[in-house]
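A note on names: the letters A, B, ... follow the listed sequences, proteins ahead of strands, and every chain is numbered from 1.
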Amino acid sequence: MLGLSKDTVRVRFAPSPTGYLHIGGARTALYDWLLAKKTGGRFILRIEDTDRNRFVPDAVQDIKDSLTWMGLTWDEGPDAGGEYGPYYQSERLALYQKYAEELVKAGKAYYCFCTSERLEEMRKKQEEASAPSGYDRHCRDLPADLIQKNRVAGLKYVIRFKVPRTGKTKVYDELRGEMVFDHETLDDFVILKSDGFPTYHLASVIDDHLMEISHVIRGDEWIISMPRHFLLYQALGWEPPAFVHLPIFLSPDGKGKLSKRHGATGVREFKEKGYLPEALVNFLLLLGWHPATDEEVFTLEEAATAFSVERISTSPVSFSLDKLDWYNGLYIRQLSHEELAKRCLPYLQQDGLLPDPCPSAQFTYLVSLMPLVQERIKYLTEISEAVGYFLRDEIEPPSKELLLGKKGTVEETRVILSEVAKVLASLTEFTEEGLEQTLRALAEKLQMKPGQIFMPVRVAVTGQTATPGLFQLLAALGKQKVIGRLKQASAVLAAQ
RNA sequence: GGUCCCAUCGUCUAGGGGUUAGGACACCGCCCUUUCACGGCGGCGGCAGGGGUUCGAAUCCCCUUGGGACUACCA
């Protein structure tokens with residue numbers, strides 16, 4: 001371990017507000033949070049808004065909402081405050097400029113007046129010659145008076161880091177160990193842009209140091225930038241934190257990086273699709289990390305206890321949703337009826353099946369329906385279909401085909417429906433037990449197999465062939481709806 | 001092209017010199033059963049290839065192959 005020997009672990013999640021919180025970022029935040037919780041450290045949210053061109057106004061809100069939804073609350077950062085602020089990089093510009101200038105003064109960085117046109121042309125030539133890409137150090141050794149002249153003339157400039165021409169830089173990743181990069185493969189990268197904003201390299205190094213970050217957990221697309229960061233730490237005379245690079249998410253088909261083309265990639269989309277945060281968190285947890293045991297169901301708290309950086313894997317992960325779906329069903333089944341109803345309510349309201357706000361009597365009824373559907377839905381979004389025929393006064397009359405099923409005849413089915421309606425009408429109480437007894441007795445009387453009469457009834461009252469248990473369902477539906485729908489179905493068969 | 005990372009069932013992975021290579025999801029079959037689910041039981045299925053090292057490699061080393069990342073005044 002090369003990490004700082006600080007007594008407190010301080011980890012930061014540092015998203016760039018250029019879009020909604022990506023599922024990959026969510027996993028990074030999860031691991032950050034877990035490490036902090038596990039060690040009694042601090043979890044810090046820092047907004048890296050140094051790219052004004054790609055800034056998305058709603059992004060910060062979405063990031064905060066998504067983290068909160070997943071239960072990943074931060075100890076320092078926007079809304080939480082903290083001793084190390086500000087936590088928006090756009091509010092720390094003076095800091096970056098100060099250090100950049102210091103590096104220039106120390107001869108470790110320099111002003112570069114190259115225009116983007118020149119840079120573009122340079123790149124084109126490199127490509128044509130299939131030469132290694134990178135800045136050609138055109139401004140690296142500009143005479144002092146020319147620099148002065150250019151600045152007085154108001155020429156736009158950036159500040160570039162002066163990478164030593166020779167030698168190598170050793171970097172260290174907690175998971176991969178030591179990696180060595182030859183300076184010859186590095187170019188003089190920009191640390192301060194011409195608009196006065198820092199690049200990621202400069203800003204993250206300065207902030208991680210100033211905020212006393214002990215562990216940097218980030219995606220492994222940053223591995224290749226590690227030598228730049230180590231060089232920066234060295235130039236600034238600082239000790240680097242411990243680095244943990246997480247494997248990236250590949251598309252489910254195994255080809256290429258996960259992108260929007262492959263379905264949901266934003267945390268909010270998963271929420272909208274009816275996933276529970278518990279399921280998403282559990283799923284993400286095991287995508288790149290493994291406990292030493294066969295356990296695979298973890299609450300956030302349990303995960304915090306079990307978590308360890310050493311057990312994070314390094315190979316790329318295919319983002320396949322099958323297991324997420326399984327987790328979701330699992331967590332849905334674990335919820336109390338009340339809680340499940342609460343979580344389903346917004347989806348029901350959205351589909352117009354329940355009013356908003358929902359009167360308590362209706363909510364109570366909804367709760368009573370939960371045991372019938374709980375183990376039958378995999379996503380919260382399925383609730384409307386599962387429970388719609390209970391909440392609606394009327395349903396669409398089922399088609400004749402559906403009513404008859406595979407081998408029913410019109411005659412027979414009409415008899416079943418009318419007989420059932422007759423018996424049930426005489427029932428004073430609609431209880432599960434009474435219903436079952438009555439219908440089974442009827443089947444016997446009609447000399448039919450129970451199953452033979454159950455299916456037409458099921459279809460008649462729900463319009464569906466896949467439903468909860470018939471007797472539970474009839475009891476929950478109530479006598480009035482049941483009789484009405486049986487008659488409606490009979491009418492369908494009577495027609496023509 | 002250059003630099004770097006990675007490589008066990010379809011997927012997530014355990015296993016890190018001697019294992020019948022383990023688990024979960026998915027898939028298939030059976031059971032439970034009024035349908036659908038849930039649940040139970042069982043099955044299918046893997047060490048990318050080639051060289052070493054070793055008495056013995058999934059495990060250590062090298063090469064090949066494959067996949068991926070980066071190659072911006074984006075992060």
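- Listed by residue number, the members of residues 461-470 of chain A with any heavy atom below 4.0 angstrom from RNA chain B are A:Thr465, A:Ala466, A:Thr467, A:Pro468, A:Gly469, A:Leu470.
- In this structure, A:Met226 reaches neither bases nor backbone, as no heavy-atom distance under 4.0 Å exists between it and the strands shown.
- Across all strands shown, A:Cys114 has heavy atoms under 4.0 Å from base atoms, whether or not it also approaches the sugar-phosphate.
- Residue-level contact check: A:Thr50 touches the backbone only, with heavy atoms under 4.0 Å from sugar-phosphate atoms and none from bases.
- A donor and an acceptor atom never sit less than 3.5 Å apart when one is taken from the side chain of A:Arg333 and the other from the base of B:rC38.
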Nucleotide N/O to protein N/O under 3.5 Å, stretch nucleotides 6-9 of chain B:
none

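- Nucleotides B:rU3 and B:rC63 place their P atoms 13 Å apart, quoted to the nearest Å.
- Residue-level contact check: A:Val317 touches the backbone only, with heavy atoms under 4.0 Å from sugar-phosphate atoms and none from bases.
- One P atom belongs to B:rG1, the other to B:rG45, and the distance between them is 38 Å to the nearest Å.
- Here A:Pro198 lies in heavy-atom contact (under 4.0 Å) with sugar-phosphate atoms only.
- For B:rA72, neither phosphate oxygen OP1 nor OP2 lies less than 4.0 angstrom from any side-chain nitrogen or oxygen of A:Arg54.
- Across all strands shown, A:Arg228 has no heavy atoms under 4.0 Å from either base or sugar-phosphate atoms.
- Base pairing of B:rA58 is not made with any nucleotide, judged by Watson-Crick or G-U wobble geometry with both donor-acceptor distances under 3.5 Å.
- Under 4.0 angstrom from either OP1 or OP2 of B:rA72 there lies no side-chain N or O belonging to A:Arg160.
- The two residues A:Ile395 and A:Gly463 make their nearest non-hydrogen contact at CD1-N, 3.8 Å.
- Among the heavy atoms of the strands lying under 4.0 Å from A:Phe471 is at least one base atom, whether or not backbone atoms are also near.
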